[in-house]
Student: 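Below you will find the structure I want to go over with you.
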Amino acid sequence: MKASLCAAAASSFERLFLDGALPKSAKSIDGGTELTDSNAGPARTRYAPSPTGPQHIGGMRTALFAWLFARRHGGQFILRIEDTDQKRSVPGSLEMILQSFDWLGMDIDEGPREGGPYGPYVQSERLELYQAWAAWLVENGHAYKCFASVEELAEMRAAGAGYDRRYRDTSAARAANLEAQGLPYVIRFKMPLTGVTVGEDMIRGPIEFDNDKMQDAVLLKSDGYPTYHLAHIVDDYHMKISHVTRAVEWLPSFPLHLQIWKAFAWEEPQFAHLPVLLNPNGKGKLSKRKQQFTDAAGKSVPVLVQEFIEAGYLPAAVMNFLCNIGWNYGDNEEIFSIAQAIERFDLKDVNPANSAYPIAKLDWLNSQYIQRAGDDELCRRLKPILEKAGYSVDGERLKRVAPLLRVRLKSLNDVLPMAGFFFDDWTAFSPPAVDILIQRKMDDQQTAAVLRDAILVLERLDDFAPEAQQAAMASYAKATGFKNGQVFGTLRAAVTGQRVSPPTFETMEILGKAESLRRLKLALASLQQAVA
RNA sequence: GGCCCCUUCGUCUAGCGGCCUAGGAUGCCACCCUUUCAAGGUGGAGACACGGGUUCGAGUCCCGUAGGGGCUACCA
């Protein structure tokens, strides 16, 4: 017999939450559908974070796998906010979570923003539902009211054991009496005292748990809020979730959850306990609370989605990066589109082992994605970064600069030190210090000579295309005995003011002949003044 | 402490009993290319945690040990 709420509770709930949402013909509020084979039909998966702050990359990967599975099976992906711990709720969390999904392009079918037929999708707005089902569990002998005080509980914990089930067998009359006295209570689940519970995990297979090792977990707190244990099951049932995906830290409470499903006599969904991300050194779970990590180069390691955005990563690269942790596309392919991933993704193929956060690979992947990006996309991504840094960006100029940057950027932000000078106020250009201007194995005299000669050579050029410049300067180098690198490097430094830049002649072409010559003369004058 | 999960190159992974003298990627090193920085090309070093079984045959199955991770809250 399937659990259903008493008429009073059901009607009050219907009025509150289900008005017009469920077909009126639904016999009772539970109206769950029979779930079919795991991979047969459309899947409904969910990501159910607590709103405790910025979106963490670990949670994002968990969400990604749920999302991929839903998309693979043509189902729905649901976002549900689990804010049953009032103390831990952080305002603005939902916005940050949504921003993360939007940035990565993970579309949500049902959720607090999107709405949907099984809302509300925020647990604090569903309190009556949990309370009604908790009451149902008590009435049907699957749960009981526990009046133990926090002091009592602390004593029991201090004594080494957990809660001793002292109210498990309290008579209904006595419980009513205690309640009438105004004693606060929680509702606890009556976990079977003997036997084993076998949980089937999609990734790991069957897992056995001894029931006598389990506690009588709290389902409903004394403040009327449910715990995760109750709330997620009630919601997963009502929201018709077909596959529950969550991090491995939930594995120890798996048997508890299974027993609750059983107590309700609801057909349980399938479960996949996903591996988690460990710190880059492999020690400990990657956590948002722990200290910041830095890589070998001293660069701080991003762990919040916001940090990936700020660090100049492409969302497609981050998605690809996440897919490659604990799952792989196959065919020895490291780089693939999200559409390709959807075609092949299966929870069953997820590696059960936790993994160290392989952040070093992201730089490589990101540079690969930048190389493959179209000109338009590259410009579109680069523009706001330049503008944020205070440059005023001319679209046409950016269009000419971007291709030179394509193979040189690990991160979009690298555009700043590499090519920011293109977007500076040219009239304010000042030549570099002599230590940048003078190339290796050259002195000030030679540098001055090269600059002086280059001005003459380049001035005569009618065709200022890079090839023409290069031909002219290469023959000059040959004639004078300088290495190409010495001559070209001097020009680079004079014209860009930098040691590292895009290719010199392409750069000068974009600056234009007049501006390039002006800069060379400026450099020459500055050098002569410095050594005088 | 108890319970649960996990264990292939530094790292991410392929491998689902013979195709493995273990493949790919990243990182590292070398060389090539080269106007800087990159990119690209070629090559190199680099792993089945350990010990028992099962089997004609084990990285692949079982047991144990060790190591790692997690849970053990009126947090999720």
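Bear in mind that the values here come from a model prediction, so they are computed numbers and not experimental data. Residue numbers begin at 1 in each chain, while the letters A, B, ... track the order of the sequences.
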Student: With both distances kept under 3.5 Å, what pairs with B/A22, Watson-Crick or G-U wobble?
Tutor: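 Paired with B/A22, as far as the under-3.5 Å criterion goes, is no nucleotide at all.
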Student: Using Watson-Crick or G-U wobble geometry with both distances below 3.5 Å, tell me the partner of B/A45, or none.
Tutor: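 Checking every strand shown, B/A45 finds no partner, since no pair has both distances under 3.5 Å.
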Student: Does A/E334 reach a base, just sugar-phosphate, or nothing at all? Heavy atoms under 4.0 Å.
Tutor: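 The residue A/E334 makes base contact.
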Student: Can you say whether a donor on the side chain of A/S222 sits under 3.5 Å from an acceptor on the base of B/C74, or the other way round?
Tutor: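 Donor-acceptor pair under 3.5 Å: yes.
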Student: Counting just side-chain N and O atoms, does A/S355 come under 4.0 Å of either OP1 or OP2 of B/U13?
Tutor: yes
Student: I'd like to know if A/R408 reaches the base of B/U36 with its side chain such that a donor and an acceptor end up less than 3.5 angstrom apart.
Tutor: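 Such a pair exists between side chain and base.
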Student: Closest approach to the side chain of A/I325, judged atom by atom: which nucleotide of B/C12, B/G40, B/U36 is it?
Tutor: B/C12
Student: Return the nearest nucleotide to the side chain of A/Q215; candidates are B/G69, B/U72, B/C6.
Tutor: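 In terms of side-chain proximity for A/Q215, the closest of B/G69, B/U72, B/C6 is B/U72.
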Student: Apply the side-chain contact (heavy atoms from CB on, under 4.5 Å) test between A/V495 and each candidate in A/L517, A/T507, A/T504; give the one that qualifies.
Tutor: A/T507
Student: Give me each pair satisfying salt bridge (charged side-chain N to carboxylate O under 4.0 Å, His left out) with a member in residues 142-162 of chain A, each pair once, sequence neighbours excluded.
Tutor: A/K145-A/E179, A/E152-A/R166
Student: Rounding to an integer number of angstrom, what distance separates B/C9 and B/G46 when you compare their C1' atoms?
Tutor: 5 Å
Student: Would you please confirm or rule out a distance under 4.0 Å between OP1 or OP2 of B/A76 and any side-chain N or O of A/K87?
Tutor: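 For A/K87, the contact criterion (side-chain N or O under 4.0 Å from OP1 or OP2 of B/A76) is not met.
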Student: Please work out if A/P226 contacts a base, only the sugar-phosphate, or nothing of the nucleic acid, heavy-atom cut-off 4.0 Å.
Tutor: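 Sugar-phosphate, no base atom in range.
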Student: OP1 or OP2 of B/A38 sitting under 4.0 Å from any side-chain N/O of A/S367?
Tutor: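 Indeed not, no polar side-chain atom of A/S367 lies that close.
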Student: Under 4.0 Å, heavy atom to any atom of RNA chain B: which of residues 467-486 of chain A qualify?
Tutor: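 Contacting residues: A/Q470, A/G485.
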Student: At a cut-off of 3.5 Å, list every protein nitrogen or oxygen paired with a nitrogen or oxygen from nucleotides 59-65 of chain B, distance to 0.1 Å.
Tutor:
none

Student: Nearest to the A/V186 side chain among B/C6, B/C75, B/C74, which nucleotide is it?
Tutor: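 Ranking B/C6, B/C75, B/C74 by closest atom to the A/V186 side chain puts B/C74 first.
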Student: Examine the base of B/U36 for any acceptor or donor lying under 3.5 Å from a partner atom in the side chain of A/R499, and report the outcome as yes or no.
Tutor: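 Between B/U36 and A/R499, which were checked side chain against base, a qualifying N/O pair under 3.5 Å is absent.
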Student: Would you say a side-chain N or O of A/N351 is under 4.0 Å from OP1 or OP2 of B/G15?
Tutor: no
Student: Please give the distance between the C1' atoms of B/G24 and B/G15 as a whole number of Å.
Tutor: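 The answer is 12 Å between these two C1' atoms.
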